[in-house]
Each structure stands twice: as C-alpha cells, then as structure tokens.
Amino acid sequence: MGDTFYNVIVFFFRFPFWVSSRPVHLHVDRIPREGPFVLASSHLSPYDVPALMRSSTRHLDFVSTTEIFQNRFIAWFYGNMGTFPIDRSRRDAKAVRVILDRLARGRVVAIFPESRIRPESESVVCGARVRPTVARLAKLANVPIVPAAVWGASAYSRLINWLPLRRVRYGVIYGEPIVVEDEAEGERELAEAFQRLYAELRERMGAGDVAPVSADFRAVYSENIPSSR
C-alpha cells in the first residue's frame with residue numbers, strides 16, 4: 001500500500017481528465033476531512049474509479065474482485081495504490097480483516113456494494129436492493145458510510161472522448177455520512193441515499209429522470225443475495 005504511488009497516478013491522470021472533461025462535483029464538503037469511513041459508491045462504469053479519485057479529498061483504498069487480481073500487472077498496479085481483493089463467491093474472512101485493519105488505521109475504504117458494473121436500469125441508483133455487506137462492515141468497525149453516485153463517466157469508453165476538447169460531462173455527488181446503529185436501517189438509508197443523490201446529480205447535469213428498476217429484476221436481485229453478505 002503506497003500513498004506516494006497513489007498521488008503520482010492522480011497527478012499524471014489529472015491533466016488528461018482536465019483537458020477532456022467538464023466535471024460536476026457536488027457536496028465534496030461532506031467528505032470527512034479526517035478519520036475512517038466507508039465510501040459506498042454506485043458502479044455504472046469502470047471509469048467511476050478515476051472519477052472518484054479525482055473528486056475525493058481523501059485517499060481511497062478500493063475493494064476489488066479476486067478476478068481482477070488474476071492479471072499480474074493489474075495486481076501490482078492496484079496493490080501499489082492500496083487496492084485489495086475480495087472473493088465475493090464466499091465469505092471472505094481475510095478480506096474482512098483487511099477492511100477492518102484499514103479502517104482501524106484511519107483510512108477510507110471504498111466499496112461498490114453492487115460488486116460489479118451494472119446498467120442503470122438494474123442499479124441501486126434506480127431502486128435495486130443494496131447488499132447488506134456495507135452496513136454490516138460499518139457497524140462492525142464503528143465508522144460511518146459516505147454514499148456517492150457517479151453519472152456519465154462511461155463516456156470515456158470511447159477513445160474520441162479523451163481528446164483535449166473538454167466534451168465529456170460527468171458528475172460525482174456525495175451524501176451526508178450515515179451512522180449505522182442497525183444493519184437493516186443502515187441498508188435502507190443507504191439505498192434511499194443512492195436514489196436521492198443520483199436524481200439530484202442528473203437534475204444538475206440536465207440529464208432528466210430515470211425509470212425505476214423493474215419489480216422482476218428487484219425480486220431476482222434480492223433472491224440471489226447470499227444471507228452471509
């Protein structure tokens with residue numbers, strides 16, 4: 001884990017983002033200036049990660065999947081930025097210990113509760129159920145959850161949008177910290193925060209309303225959440 005490497009990456013990638021985009025960062029002041037917390041973000045695009053890194057005032061230790069770490073270069077790159085893997089196919093006690101250790105050391109652990117990239121219509125920002133993992137970890141570590149939503153970062157999947165034309169418009173919004181006293185209540189508050197923040201962000205960006213997630217997908221999504229996670 002190296003903050004120096006993290007700082008170098010942010011420094012060098014700041015310029016290409018600056019010349020290619022006109023981002024909107026809302027409520028960054030809600031990020032605690034010190035102390036540990038869990039940053040829980042929506043995940044509509046792989047470019048949500050650099051978008052969060054650019055907007056956050058704190059170093060973020062991301063939780064990624066074990067599949068990503070099977071690539072040796074990516075494992076080296078992510079590992080040097082403080083990112084660590086979690087096996088979402090089972091109860092990963094080792095990853096939980098790492099999360100609790102990072103939080104105990106006053107760091108910020110960034111988690112995508114959906115575990116993978118989802119289309120907007122199947123995302124927590126449109127009403128899909130939030131996995132209980134985040135609330136459980138926050139309560140266990142006695143730290144707050146700061147919810148965040150990202151919109152529009154997927155534009156960077158097109159090479160033309162990296163040109164220095166400042167044509168990309170994406171946004172990141174942060175919510176008020178959520179103190180978890182009851183896991184179920186914390187899960188509910190987080191789910192509502194995702195929808196509220198995403199709606200506010202889209203409104204500010206002039207993107208219009210989004211359709212709520214379908215009842216059929218909500219049922220399937222809920223049924224496939226393991227009770228241990």
Side-chain angles (χ1 to χ4, degrees), residues 1-17 23 25 28 31-118 123-124 130-138 140-141 143-150 153-154 156-157 170 172 174 177 190 194 229:
M1 177 177 59
D3 287 345
T4 299
F5 187 75
Y6 184 104
N7 291 336
V8 169
I9 295 301
V10 171
F11 176 80
F12 279 104
F13 276 88
R14 187 179 300 276
F15 181 73
F17 270 91
H25 298 158
V28 178
I31 300 175
R33 295 185 178 181
E34 57 184 20
F37 65 88
V38 173
L39 177 70
S41 174
S42 61
H43 202 18
L44 304 178
S45 160
Y47 298 99
D48 294 344
V49 172
L52 289 166
M53 290 173 63
R54 184 185 180 190
S55 65
S56 174
T57 56
R58 300 282 301 276
H59 289 100
L60 305 176
D61 292 355
F62 286 92
V63 180
S64 187
T65 61
T66 52
E67 291 79 9
I68 293 293
F69 274 75
Q70 290 176 359
N71 182 296
R72 294 181 63 182
F73 172 76
I74 292 179
W76 172 86
F77 185 85
Y78 279 13
N80 278 282
M81 284 183 33
T83 301
F84 56 94
I86 186 171
D87 187 346
R88 296 185 182 274
S89 65
R90 60 182 179 83
R91 183 178 294 179
D92 193 340
K94 180 179 178 181
V96 171
R97 287 195 297 271
V98 174
I99 292 172
L100 296 179
D101 176 68
R102 298 284 178 93
L103 293 171
R105 291 159 57 187
R107 301 186 67 85
V108 180
V109 174
I111 298 177
F112 297 109
E114 297 173 281
S115 76
R116 64 177 177 84
I117 297 170
R118 293 186 180 276
S123 171
V124 292
V130 175
R131 292 175 182 269
T133 310
V134 177
R136 187 172 301 147
L137 287 170
L140 190 61
V143 300
I145 302 170
V146 174
V150 184
S154 60
Y156 279 112
S157 61
Y170 73 87
V172 182
Y174 295 92
L190 183 58
F194 277 134
R229 296 171 53 190

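- In terms of heavy-atom proximity, Gly82 sits nearest to Asp61 at O-CB, 3.6 Å.
- Judged by distance alone, the side chain of Arg58 and the main-chain N or O of Gly35 form a donor-acceptor pair under 3.5 Å.
- Between Thr133 and Ile111, every side-chain heavy-atom pair lies at or beyond the 4.5 Å cut-off.
- The aromatic rings of His43 and Phe112 lie parallel to each other, with less than 30° between the two planes, well short of the 60° mark.
- Nearest heavy-atom pair across Pro36 and Pro144 is O-CD, 3.7 Å.
- Between Arg107 and Asp3 there is a side-chain heavy-atom pair separated by less than 4.5 Å.
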Requested in this report: Apply side-chain contact (heavy atoms from CB on, under 4.5 Å) to Tyr170 and Tyr156, showing your working.
Outcome: CA-CA 10 Å; Tyr170 73 87; Tyr156 279 112; 4.2 Å; yes
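- Residues Ile117 and Pro46 meet the side-chain proximity criterion, which asks for heavy atoms closer than 4.5 Å.
- Residue Ala148 comes nearest to Phe194 through the heavy atom pair O-CE2, 3.3 Å, listed as atom of the first residue, atom of the second, then distance.
- The minimum heavy-atom distance linking Val124 with Glu114 is given by the pair N-OE2, 2.9 Å.
- For the residue pair Ser64 and Thr83, the shortest heavy atom distance occurs at CB-CG2, 3.8 Å.
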Query raised in the report: When you look at Val63 and Phe84, which way does the side-chain contact (heavy atoms from CB on, under 4.5 Å) test go after all the steps?
Result: CA-CA 5 Å; Val63 180; Phe84 56 94; 3.5 Å; yes
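- Taking 4.0 Å as the cut-off between side-chain N and carboxylate O, Arg105 and Asp101 count as a salt-bridged pair.
- Although no hydrogens or angles enter the test, the distance criterion places a donor-acceptor pair under 3.5 Å between the side chain of Asp48 and the main chain of Ser45.
- Between atom OG1 of residue Thr66 and atom CG of residue Asp92 there is a gap of 8.0 Å, rounded to the nearest 0.5 Å.
- Counting heavy atoms from C-beta outward, Phe77 and Arg72 have side chains that stay 4.5 Å or more apart.
- Looking at heavy atoms from C-beta onward, Val150 lies in side-chain contact with Ser41 at the 4.5 angstrom threshold.
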Requested in this report: Check the pair Tyr6, Met53 against side-chain contact (heavy atoms from CB on, under 4.5 Å), reporting the backbone distance first and the verdict last.
Outcome: CA-CA 9 Å; Tyr6 184 104; Met53 290 173 63; 3.5 Å; yes
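- With contacts defined as side-chain heavy-atom distances shorter than 4.5 Å, the pair Val146/Pro32 qualifies.
- The shortest distance between side-chain heavy atoms of Tyr78 and Phe69 falls below 4.5 Å.
- Contact annotation: the side chain of Pro177 never approaches that of Phe37 to less than 4.5 Å [non-hydrogen atoms, C-beta and beyond].
- One finds the CD1 atom of Ile99 at 13.0 Å from the NZ atom of Lys94 (value rounded to the nearest 0.5 Å).
- The structure places CD1 of Ile68 at 9.0 Å from CD of Gln70, a figure rounded to the nearest 0.5 Å.
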Query raised in the report: Is there a side-chain contact (heavy atoms from CB on, under 4.5 Å) between Phe12 and Val8 once you walk through the steps?
Result: CA-CA 6 Å; Phe12 279 104; Val8 169; 3.5 Å; yes
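- Across all their heavy atoms, Ile31 and Ser56 have their closest contact at CD1-CA, 4.0 Å.
- Atom CH2 of Trp76 is separated from atom CZ of Phe5 by 4.0 Å, given to the nearest 0.5 angstrom.
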